[in-house]
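In what follows, a single structure is set out as structure tokens and then discussed.
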Amino acid sequence: MAFEDSLWHDTARDDFAPRPALPGDVQADVAIVGAGYTGLWTAYYLNLLDRALRIVIVEREIAGFGASGRNGGWCSALFPPASSAIARRHGLQAAVAVRRAMHESVVEVGRVTDAEGIDVHYARGGTVSLARNEAQLARARELVEEERRLTGPVEELRLLSKEEAEGIARATRVRGATYTPHCAVVHPLRLVRELASCVEARGVSVFERTAASRLRQGAVVTERGTVRADVVVRATEGYTASLRRQRRRLVPLYSLMIATEPLPAEAWDQIGLRRRETFADLRHMRIYGQRTADDRHAFGGRGAPYHFASRTRPEFDRDERVHSLLREILVDLFPVVREHSVTHRWGGALGVARDWHASVGFDRARGFAWAGGYVGDGVATANLAGRTLAQLITGEQSELTRLPWVDHRSRAWEPEPLRWLGVNGGRLLLTQADRAEARSGRPARSAKAFARFIGY
């Protein structure tokens, strides 16, 4: 099972003993389904706002079992959709507000971990996104120009020359890059596990090995009993399709990762990343990496297939073709890695809404709240979701509760087999676009057409 196979599991300093399951029917003020970042941050901030609230979290596996404990450890200000789509749908001021809120969220995660005495290897070195062919360089220029046009100086996204980019990450074939300071690296599983212990110490009840099967007004129905509550929060991200009547709400897409053995100082002298900057390049089929606190590469990417009927299974966490490809890409970026072994291979499911638009909301009349659809950018976004949900549920109003993702409703995904054909067709299209751009150096029109199709 890939959860146990991950680097994060091996270095979390945790015995992962399950907490008790739900003992039967219980009463609460707020019932949260899912003990990942979204559910735990929501409980954390609810408790800060009203310590009298009885908060119960139910989790099918153990806290951090899902994407919160398996991701690439980018606590980034990336938000789905991009500023251009937010401005188009909600206006320029809304796009600026989202950027500022996400920047604050990156900082807030670090602030809370410091305040709570949690060591999650937090280091805010920013992100460098390398341009390694002419099409990627043109895309870098477009991204920087567009962000400046839409949000002005707020984003601080810079276009780097070849020399400036190589001063951060000495990868092969670098022609330039973009750089943003708004990203930190974390040990993702330590963060979610310590957060679970933190909320539990504050009086929140966390029940593990308790699978919710149905959410209804005023209740969460599980195999072990029913939690009755005035407010029910759905915080299930890539596993949302397992809930009754939620199968077409979010699509679970798999993202896979590898980790190397610790690299010696001489190797890092060749690679760079002295400030533990997160890194990627500007291909369409996304890749992402970090230099871990113990000097490994933790590197991942998309490319695994979507599985029919939104299925999530342990065997989907491993794909030899994709894991081998990730090693090839990492060696192509940094050839010195060829001399060092890959020690860990794992993966997990993330959640994607039909319009690629994350959302958070609270229907007070029904007592139902939700957050998700982070498209793999959930480490900081889930913190923003938790703060926002806490304010919505307790009736507070602020700049957070007026952000454009609040109460955003994405339409349902298509029924099968259209969903399978569309998602996997898009995956193949983006892969082919990357190959065409690497050969010709010209931007692939098909990738832009796909972005327009999904409304990104």
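Residue numbers count from 1 along this sequence.
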Residue pairs meeting ring pair (Phe, Tyr, Trp, His ring centres under 6.0 Å), one or both in residues 382-410, sequence neighbours left out, come to F79-W405, H357-H408
Notebook entry, point to check: Within the distance-only criterion (no hydrogens, no angle test), does the side chain of R60 pair as donor or acceptor with the backbone N or O of T210 below 3.5 angstrom?
Noted result: no
Do Q397 and T401 have a side chain donor and acceptor closer than 3.5 Å? no
Side-chain heavy-atom pair W356, P81 within 4.5 angstrom cut-off:
no
Hits for side-chain contact (heavy atoms from CB on, under 4.5 Å) against Q246, two or more places apart or cross-chain, chain-then-number order -> R234, T240, L243, R249
Taken in chain and number order and not counting sequence neighbours, the residues that satisfy ring-ring contact (aromatic ring centres under 6.0 Å, His included) with Y254 are H307, F316
### Query
Donor-acceptor pair, Y306 side chain versus S310 backbone, under 3.5 Å?
yes
Hits for side-chain contact (heavy atoms from CB on, under 4.5 Å) against A184, two or more places apart or cross-chain, chain-then-number order -> C75, V106, Y122, R124
The salt bridge (Lys or Arg N to Asp or Glu O under 4.0 Å) partners of E416 (sequence neighbours excluded) come to R419
For E200, the side-chain hydrogen bond (donor to acceptor under 3.5 Å, both in side chains) test, sequence neighbours excluded, returns R19
Tested for side chain to side chain contact (heavy atoms under 4.5 Å, CB included) against V221, the lone hit among R244, R228, R216 is R216
Sequence neighbours excluded, the answer for side-chain contact (heavy atoms from CB on, under 4.5 Å) partners of E146 is S84, R149, L150
### Task
Using distance alone, with no hydrogens and no angle criterion, decide if Q136 and R283 have a side-chain donor and acceptor under 3.5 Å apart.
no
Residues passing the salt bridge (Lys or Arg N to Asp or Glu O under 4.0 Å) test with R214, sequence neighbours excluded, are none
Which class fits the ring pair W41 and Y44: parallel under 30°, tilted 30 to 60°, perpendicular over 60°?
-> perpendicular
Those residues at least two apart in sequence (or on a different chain) that pass side-chain hydrogen bond (donor to acceptor under 3.5 Å, both in side chains) with E104 are none
Sorted by chain and number, sequence neighbours left out, salt bridge (Lys or Arg N to Asp or Glu O under 4.0 Å) with R54 holds for D29
Residues passing the side-chain contact (heavy atoms from CB on, under 4.5 Å) test with D10, sequence neighbours excluded, are H344
*Quick one: sort the Y239 and F65 rings into parallel, tilted or perpendicular, breaks at 30° and 60°.*
tilted
Across all chains, not counting sequence neighbours, the salt bridge (Lys or Arg N to Asp or Glu O under 4.0 Å) partners of D294 are R296
